[in-house]
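Below: one structure, written as structure tokens.
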Amino acid sequence: MAKNRHQKLGLSDEAVLEMYETMLLARKIDERMWLLNRAGKIPFVISCQGQEAAQVGAAFALDRDKDYIAPYYRDMGMVLAFGMTAKDLMLSGFAKAEDPNSGGRQMPGHFGQKKNRIMTQSSPVTTQVAHAVGAALAGRMKGDNITCLTTFGEGSSNQGDFHESANFAGVHKLPVIFMCENNKYAISVPVSKQLACEKVSDRAIGYGMFGKTVDGNDPLAVFEAVNEAVERGRKGEGPSLIETVSYRLTPHSSDDDDRAYRSREEVEEAKKKDGVLTFAAYLKEVGLLDDEKEKELNKKIADIINEATDYAESAPYAEPESALKYVYEE
Amino acid sequence: MAVMSYIDAVTLALKEEMARDENVFVLGEDVGVRGGVFRATAGLIEEYGEHRVIDTPLTESAIAGVGIGAALYGMRPVVEMQFADFILPAVNQIISEAAKIRYRSNNDWSVPMTIRAPYGGGVHGALYHSQSIEAIFSNVPGLKVVMPSTPYDVKGLLKASIRDNDPVLFLEHKRAYRLIKGEVPEDDYTLPIGKADTKRDGDDVTVITYGLAVHFALQAAEKLEREGISTHILDLRTVYPLDQKAIIEAASKTGKVLLVTEDNKEGSIIGEVSAIIAENCLFDLDAPIRRLAGPDIPAMPYSPPMEKFFMINPEKIEHAIRELAEF
């Protein structure tokens, strides 16, 4: 039997199984959305595939009843861990009135849900990073002792808002976790043309904050790094920059064709390290998962997704004239 | 009733709102220990401490973005852009984020944030300390753009902006800061955002304007009165969204309309005002709508004669009113 790594991190057997289930649910919803897109039923998909381990590992290190997240468009695993449901996500995919993210106003992947403290996001990248800093500042002013975690890609780490926000949080020693989900590509542009430094986390020192790069395919490594970052924030030691390195397994979006800029061999090689597969293997090695249980889990998830898809597909759109609502407070 | 300057009305409104609601706080460059480069936040840090009067790094986009995050959390931030000319790095946060958050979240989230920015020329500020930037933000549904002209309006509208549950861009004319004085009641009052105000009643020519030009128009009207020309002056006060009803009424009243802005002419606020009048008042007009504005050059030059050439003044307005009256 392999070495049990999760116990020493304070994670119960139930917790790691829940982590795996959340990762698998995200993966399977994402796969279903691609099918629905190719079948002409939903106009757009942008994927989490390849980043579920980092997203779920990080979410589990937070207080999911109290902390805030300012995610980016790939964070399906993270928002599921924070209370969004398969049905919510399918409603968003189909742009239906009941979509809690936006009532069908925004493209899928533009997450936001106040009751679960998932801060609303737009399409111009990296703007959410400043919002996370503001929420952390407000939380401290109100004496709430919360952590705010924000995510973004390695491409976004070049934006001015990343620099301005990281510096602001560093100066004010705010409990913010800047988590860069480095998936090696900003649409078609590889990391070698995005960064002059070796690692995104190398930038941390410029903001007077702690920085660390971890394996984004390993949810336990990400959990550990984010957990330490939460502790630093709660002790008043300020923000952290955590870089999780994995690989974007799909094209950028349903409108992209990645064959134009990367080899199939490279993608196949990356799939061998896919966190969903390697974490399942770990759970099997430590005796928490077997083929029978995995089959049951897949069946359970398929049922959830089928039900969510059917519900969302038959749910009504918002009335056309409702486009006029909520420009200002009503 | 106390007579105070335009800038003192800003400070008073901030003080009163911070005392009224502990969720109100101020952040920006030099707003704390220095009390603002114009001294608009003078005394606030002494009264409310550095946790509610926050000196930020030089970082306009983060000032707006951090304000948005705090507003999403439930605070009422009042962020200061040191000069309106320097707001451009924050435009993405203001237009893509603050203005769209209520709409894009289907009313789940909102941004009760006020962005204060000193704008306008006539202070030897050259190209980058003189601009009028309101037109950039005035086709952005979700945002409100308030531009008061008097100390009374400043206090009432700034308090209303801070209490508003949507983002408000509050533009203060920096030449007006110490030039314009007026009576300001000591009691707690607010004025409605989105409502224009008649600053002078008249029958021959209507002037529709806002900000410092309101005072120039009042001076011109005073002089023309002696020649028997009666001028009606409407102060827009909020330039987005516009008070269409008040514009239509004011234009119809005299049938001769002069629109005045300190901004460059093409694409300015008054172009939209002109369209509202053209759509609604065709049969009430007795003369073509006339616009008086800054020239279409990139910005106001530093050299005093060139600055004077750019600026609106009472003489230019007087001349335009007289021409209209004689049409």
Side-chain angles (χ1 to χ4, degrees), chain A residues 68 70 97 99-106 110 112-115 117-124 126-142 144 146 148 150 159-161 163-172 174 176 318 322-330, chain B residues 22-23 25 27 50-52 54-77 79 89-113 140-144 164-168 193-194 241:
Chain A
Y68 277 62
D99 157 32
N101 298 278
S102 77
R105 290 171 174 207
Q106 291 224 79
H110 291 58
Q113 194 175 30
K114 196 171 187 176
K115 73 169 184 182
R117 298 164 321 287
I118 300 165
M119 294 168 81
T120 170
Q121 71 185 283
S122 61
S123 305
T126 334
T127 49
Q128 76 280 6
V129 175
H131 306 169
V133 177
L137 177 71
R140 187 164 75 186
M141 289 170 95
K142 285 179 178 276
D144 291 342
I146 55 133
C148 198
T150 183
Q159 288 279 4
D161 269 351
H163 169 70
E164 292 198 19
S165 306
N167 183 60
F168 195 113
V171 167
H172 288 277
L174 293 168
V176 183
S322 74
L324 300 173
K325 286 172 77 83
Y326 309 133
V327 179
Y328 300 102
E329 185 181 35
E330 291 175 11
Chain B
E22 62 181 14
N23 290 322
F25 73 103
L27 74 164
E50 63 177 9
H51 68 292
R52 286 182 72 194
I54 302 171
D55 272 325
T56 67
L58 257 168
T59 190
E60 283 83 9
S61 185
I63 292 169
V66 168
I68 291 167
L72 292 172
Y73 196 86
M75 302 297 285
R76 289 191 180 273
V79 312
V91 165
N92 195 30
Q93 285 290 351
I94 297 169
I95 292 181
S96 299
E97 301 298 320
K100 291 178 177 61
I101 278 176
R102 183 187 293 283
Y103 189 80
R104 78 177 188 221
S105 68
N106 204 27
N107 211 30
D108 195 25
W109 294 90
S110 57
V111 181
M113 174 170 82
V140 183
L143 198 61
K144 300 174 183 179
D164 200 283
N165 289 327
D166 288 303
V168 178
I193 295 170

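Sequence lines set the chain letters: A, B, ... in the order given, protein chains first and strands last, and positions in each chain run from 1.
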Answer yes or no: does atom CD of A:Glu330 have more than 12 heavy-atom neighbours from other residues, nucleotides or ligands under 6.0 Å? yes
I'd like to verify something: which residue of A:Gly112, A:Ser122, A:Gly103 has the highest number of heavy-atom pairs under 4.5 Å with chain B? A:Ser122
Please evaluate residues A:His110 and A:Asn101 with respect to the criterion side-chain contact (heavy atoms from CB on, under 4.5 Å), reporting the C-alpha separation (whole Å), side-chain torsions for both, the decisive distance (0.1 Å), and the verdict. CA-CA 7 Å; A:His110 291 58; A:Asn101 298 278; over 6 Å; no
A:Thr120 versus B:Asp108: any side-chain heavy-atom pair under 4.5 Å? no
Within 45° cone and under 6.0 Å: B:Lys144 NZ/CZ vs A:Tyr328 ring: yes
Examine whether an atom of B:Asp166 lies under 4.5 Å from a heavy atom of chain A, and if so say whether it belongs to the side chain, the backbone or both; otherwise answer neither. side chain
Under 4.5 Å from any heavy atom of chain B - which part of A:Lys325: backbone
Ranked by heavy-atom pairs below 4.5 Å to chain A, first place among B:Lys100, B:Glu97, B:Arg52, B:His51 goes to B:Glu97
Heavy-atom distances under 4.5 Å only: say whether A:His172 touches chain B with side chain, backbone, both or neither. side chain
Is it the side chain or the backbone of A:Val327 that comes within 4.5 Å of chain B heavy atoms, both, or neither? both
Answer yes or no: is there a side-chain heavy-atom contact under 4.5 Å between A:Met119 and A:Cys148? yes
Counting only non-hydrogen atoms closer than 4.5 Å, does A:Ile118 touch chain B with its backbone (N, CA, C, O), its side chain (CB onward), both, or neither? backbone
Under 4.5 Å heavy-atom distance to chain B, tell me which part of A:Ala318 shows up: side chain, backbone, both or neither. neither
Residue, of A:Lys115, A:His163, A:Arg140, A:Gln121, that accumulates the most heavy atom pairs under 4.5 Å with chain B: A:Gln121
Quick check: do A:Asp144 and B:Tyr73 have side-chain heavy atoms less than 4.5 Å from each other? yes
For chain B, the option from A:Asp99, A:Val129, A:Asn167, A:Ile146 that forms the most heavy-atom pairs under 4.5 Å: A:Ile146
Determine the option with the most heavy-atom pairs under 4.5 angstrom with chain A, choosing from B:Leu27, B:Ile63, B:Asn92. B:Asn92
Answer with side chain, backbone, both or neither: which region of B:Asn23 has an atom nearer than 4.5 Å to a non-hydrogen atom of chain A? side chain
Using heavy-atom distances under 4.5 Å, tell me whether A:Met141 contacts chain B through its side chain, its backbone, both, or neither. side chain
Donor-acceptor contacts under 3.5 Å from residues 54-62 of chain B side chains, at least two apart:
| unit_1 | atom_1 | unit_2 | atom_2 | d |
| --- | --- | --- | --- | --- |
| B:Asp55 | OD1 | B:Asp30 | N | 3.4 |
| B:Asp55 | OD1 | B:Val31 | N | 3.0 |
| B:Asp55 | OD1 | B:Gly32 | N | 2.8 |
| B:Asp55 | OD2 | B:Val33 | N | 3.2 |
| B:Thr56 | OG1 | B:Gly28 | O | 3.4 |
| B:Thr59 | OG1 | A:Glu164 | OE1 | 2.7 |
| B:Ser61 | OG | A:Asp161 | OD1 | 2.4 |

Note: vs chain B, highest number of non-hydrogen pairs under 4.5 angstrom among A:Pro124, A:Ala136, A:Gly134, A:Gly139 is A:Gly134
Any B:Arg104 side-chain heavy atom under 4.5 Å of A:Ser102 side chain: no
Looking at chain B, which one of A:Leu137, A:Thr127, A:Val133 has the largest number of heavy-atom pairs inside 4.5 Å, strictly under? A:Thr127
With the threshold set at 4.0 Å, does a side-chain nitrogen-carboxylate oxygen contact exist between A:Lys142 and B:Glu22? no
Applying ring pair (Phe, Tyr, Trp, His ring centres under 6.0 Å), can you list everything that pairs with B:Phe25, at least two apart in sequence or on another chain? none
Specify which of A:Ser165, A:Ala132, A:Ala70, A:Ala138 makes the most heavy-atom pairs with chain B at under 4.5 Å. A:Ala138
